[in-house]
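This report concerns only the one structure given below.
In this chain, numbering begins with 1 at the start of the sequence shown.
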Amino acid sequence: MSRHLDIDLLRTFVAIAQARTLGQAAARIGRTQAAVSMQVKKLEETLNQPLLHRTGRGVVPTLHGERLLGHARTILQHHDAALAEISGATLSGTLRFGCPEDYAVAFLPQILRGFADRHPQVRVEVFCAPTARLDDQLRKHTLDLALVSTIGAERKLPVIRHEALVWVGLRHDLAAACEPLQLALSDPDTLDHRVACERLDAAGRRYRLAYASASISGLLAIVRSGQAMAVLTRSAVPSDLQILETGDVLPALPAIGLAVEFSLEPATAMAAAFADHLRATLPTL
């Protein structure tokens, strides 16, 4: 009797491996938990191997399950790509995309509009957070891909676009007159926070972390009050605020790179299509 790997069973197995629970996987693929359990049983019977190990916190792949998972992802990617290319089928479903908030403010409207024109059946869920938090979500597979920040050679990812980091204030003279400098920065694990403190320390410039905000809207409100300066990417600076000159008072800041990182390799057809769109669109904005 010949055996074969059913595409639907593989898709269910990958969903379980990502969600780590049968219930969440069932909700993601639109089946009942009982149906998902039956699909796993059928797949295990086909391969004559146990594929999932149940723990107190959910399910994890067995050694055989891990080996199957790599094959399953490759098979599904090629299956979906072939189906779309040969049949002319459109992409459809939900794509989970993450990016830092300043990139969302500066670039996301144009990016989403262009992608929706090409793939109207895809629903994009956007999650805004600093790169460190996006990395965590990618590892947990709660995102499909993310636009992340990188500096120097810390990530081995192709850079799509470079963005200058700049000091931002209400007025240059107001910002420069403070001693020590009054800063409004985001989370300590963000690049703008790290770079600002490192450069000021290296320059021997006294500063005080007077305000903190996890959102760009909060940072902008603080800067608009005239109480502190912030560090933003140049493209995220609104027209009513000033980019402050560097020199004796403020040290120069580096540029950061924007890169795409996937939750899974190889990426799904939807994630790959969105990444291609990012690579084509971002350099032109």
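Ionic pairing of Arg234 and Glu163 is not present here: no N-O contact between side-chain nitrogen and carboxylate oxygen is shorter than 4.0 angstrom.
Applying side-chain hydrogen bond (donor to acceptor under 3.5 Å, both in side chains) to Gln39 and the options Asp8, Thr12, Asp6 leaves one that passes, Thr12. Of the options Leu165, Val195, Thr150, Asp192, a side chain to side chain contact (heavy atoms under 4.5 Å, CB included) to Ile256 is made by Leu165 and by none of the others.
Taking 4.5 Å as the limit, some side-chain heavy atom of Leu68 sits within range of a side-chain heavy atom of Leu47. Between Pro61 and Arg20, the closest side-chain pair of non-hydrogen atoms falls below 4.5 Å. Cys197 is listed as a side-chain neighbour of Tyr207, based on a closest heavy-atom distance under 4.5 Å. Looking at Arg208 and Leu183, their side chains never come closer than 4.5 Å, going by heavy atoms from C-beta outward.
Placement of Met229 and Tyr211 in two distinct hydrophobic clusters is found when ILVMFWY residues are connected by side-chain heavy-atom separations under 4.5 Å, directly or transitively.
Side-chain atoms of Gln24 do not come within 3.5 Å of backbone N or O of Leu22 as any donor-acceptor pair. The closest donor-acceptor contact from the side chain of Gln137 to the backbone of Asp135 lies at 3.5 Å or more, if one exists at all.
The nearest pair of heavy atoms linking Thr246 to Pro251 is CG2-O, 3.5 Å.
Between Phe115 and His277, the two ring planes are tilted [angle within 30° to 60°].
Within the 6.0 Å centre-distance limit, the rings of Phe274 and Phe97 are counted as a close aromatic pair.
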